[in-house]
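Below: the structure, in structure tokens.
Note that the numbering runs from 1 along the sequence shown for the chain. Remember, it's 1-based here, ligands and their atoms both numbered in the order they're listed. Both backbone and side-chain heavy atoms feed into the values below; hydrogens, waters and symmetry mates do not.
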Amino acid sequence: MRIQTVGIIGAGTMGNGIAQACAVAGVKVVMVDISQAAVDKGLTTVGGSLDRLIKKEKLTAEQKTAALALIQGSTNYDDLKGAQLVIEAATENHALKLKILGQVDALLAPEVIIATNTSSISITKLAAATSRADRFIGMHFFNPVPMMALVELIRGYLTSDATHDAVKELAVRLGKSPITVKNAPGFVVNRILVPMINEAFFVLSEGIATAEDIDAGMKLGTNQPIGPLALADMIGLDVCLAVMEVYLEEYGDSKYRPCPLLKEMVAAGQLGRKTGQGVYTY
Ligand SMILES: NC(=O)c1ccc[n+]([C@@H]2O[C@H](COP(=O)([O-])OP(=O)(O)OC[C@H]3O[C@@H](n4cnc5c(N)ncnc54)[C@H](O)[C@@H]3O)[C@@H](O)[C@H]2O)c1
């Protein structure tokens with residue numbers, strides 16, 4: 001099956017980014033959110049992002065007009081009915097996602113594939129909230145979606161090959177480089193990335209090097225564009241801690257214990273860029 005129209009639930013950071021990536025690739029989009037204000041905000045963000053691409057001469061004004069014409073904003077789930085794939089990109093809340101998935105499952109034709117962009121919830125558990133676990137898959141895009149090449153395709157326990165192959169073909173058409181992943185907490189990238197950040201906090205708290213030298217070491221020695229401590233400040237120290245706590249709980253392995261310094265900083269409200277103070281001062 002070739003996916004021509006994609007429904008997107010949620011017009012926030014990820015939803016509007018996925019909408020933009022689809023539309024620029026010539027794929028029709030219906031983007032649904034709970035309020036007209038949220039839909040409009042998502043559409044405005046796409047417009048601004050396309051303008052920046054024009055400035056960088058990566059897109060023409062005609063291409064922008066064509067892309068925007070392919071995105072229909074809506075507050076009505078009924079408008080998702082014409083899509084061959086619906087991607088759920090709403091707020092990261094388990095109960096909310098179960099409710100949304102039950103609602104769209106009842107609405108959509110049986111052959112429609114449902115995907116979720118969740119960062120942390122089990123794909124197999126979310127699939128079980130629908131009547132189509134074989135036509136359910138994780139599509140984990142990275143932020144900002146129009147710039148980031150990776151999509152993790154996460155197969156739930158019952159995801160079929162046909163479902164995997166159809167979304168993989170779409171991801172490639174969007175100019176992405178998909179990787180295929182089994183359902184497990186953190187999938188691949190965050191499973192490796194967040195424990196690395198946690199380890200950087202251990203190195204810092206043990207006084208092995210300064211924050212600046214730890215970040216310089218990782219940037220210059222492993223070619224990462226940003227050091228792990230600066231990255232923690234960007235992600236939010238509270239988010240990093242929450243992820244480590246999930247790994248510790250789900251894998252039951254002490255190698256995932258959160259660094260005490262990370263816990264202390266979160267308890268003190270030093271969460272990174274969003275509070276003006278994390279490892280660094282902003
Ligand atoms: N932000 C990231 O870096 C990132 C990266 C990868 C994956 N994710 C995942 O993507 C998903 C969305 O994250 P985000 O950062 O875009 O969040 P966000 O807060 O920017 O956007 C979420 C949107 O969902 C909407 N929404 C809430 N309930 C809804 C409903 N019932 N129906 C339709 N829309 C509804 C909200 O109004 C909001 O506009 C989450 O599952 C998150 O874990 C986020």
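At least one heavy atom of Lys97 sits less than 4.0 Å from an atom of ligand 1. Using 4.0 Å as the threshold, Phe142 has no heavy atom nearer than that to any atom of ligand 1.
Between Met14 and ligand 1, at least one pair of N/O atoms sits closer than 3.5 Å. The shortest N or O to N or O distance between Asp33 and ligand 1 is under 3.5 Å.
Remark: minimum distance from atom 32 (N) of ligand 1 to any protein heavy atom is reached at Tyr77 OH, 2.7 Å. Nearest protein heavy-atom contact of atom 3 (O) of ligand 1 is Asn143 CB, 3.3 Å.
Contacts between Ile100 and ligand 1, counted as non-hydrogen atom pairs separated by less than 4.0 Å, involve the side chain only. Contacts with ligand 1 closer than 4.0 Å are made by heavy atoms of both the backbone and the side chain of Ser119.
Distances from atom 43 (O) of ligand 1 to the heavy atoms of Met234, Glu92, Met139 show the closest one on Glu92.
Between Arg2 and Glu169, at least one side-chain N (NZ, or NE/NH1/NH2) sits under 4.0 Å from a carboxylate O, which counts as a salt bridge. A salt bridge links Arg155 with Asp161: the distance from a Lys NZ or Arg NE/NH1/NH2 to an Asp or Glu carboxylate oxygen falls below 4.0 Å. One finds a salt bridge joining Lys274 and Asp238 here, because a Lys/Arg side-chain nitrogen approaches an Asp/Glu carboxylate oxygen to under 4.0 Å.
Taking a distance limit of 4.0 Å, we find that atom 19 (O) of ligand 1 is approached by no protein heavy atom.
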Problem set entry | Derivation of the salt bridge (charged side-chain N to carboxylate O under 4.0 Å, His left out) call for Glu92 and Lys97 | CA-CA 7 Å; Glu92 186 77 348; Lys97 288 195 192 286; 3.7 Å; yes
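Using a 4.5 Å heavy-atom cutoff, the side chains of Thr116 and Ile87 are not in contact.
Remark: Arg191 is positioned above the aromatic ring of Tyr251, its terminal NZ or CZ atom under 6.0 angstrom from the ring centre and at most 45 degrees off the axis.
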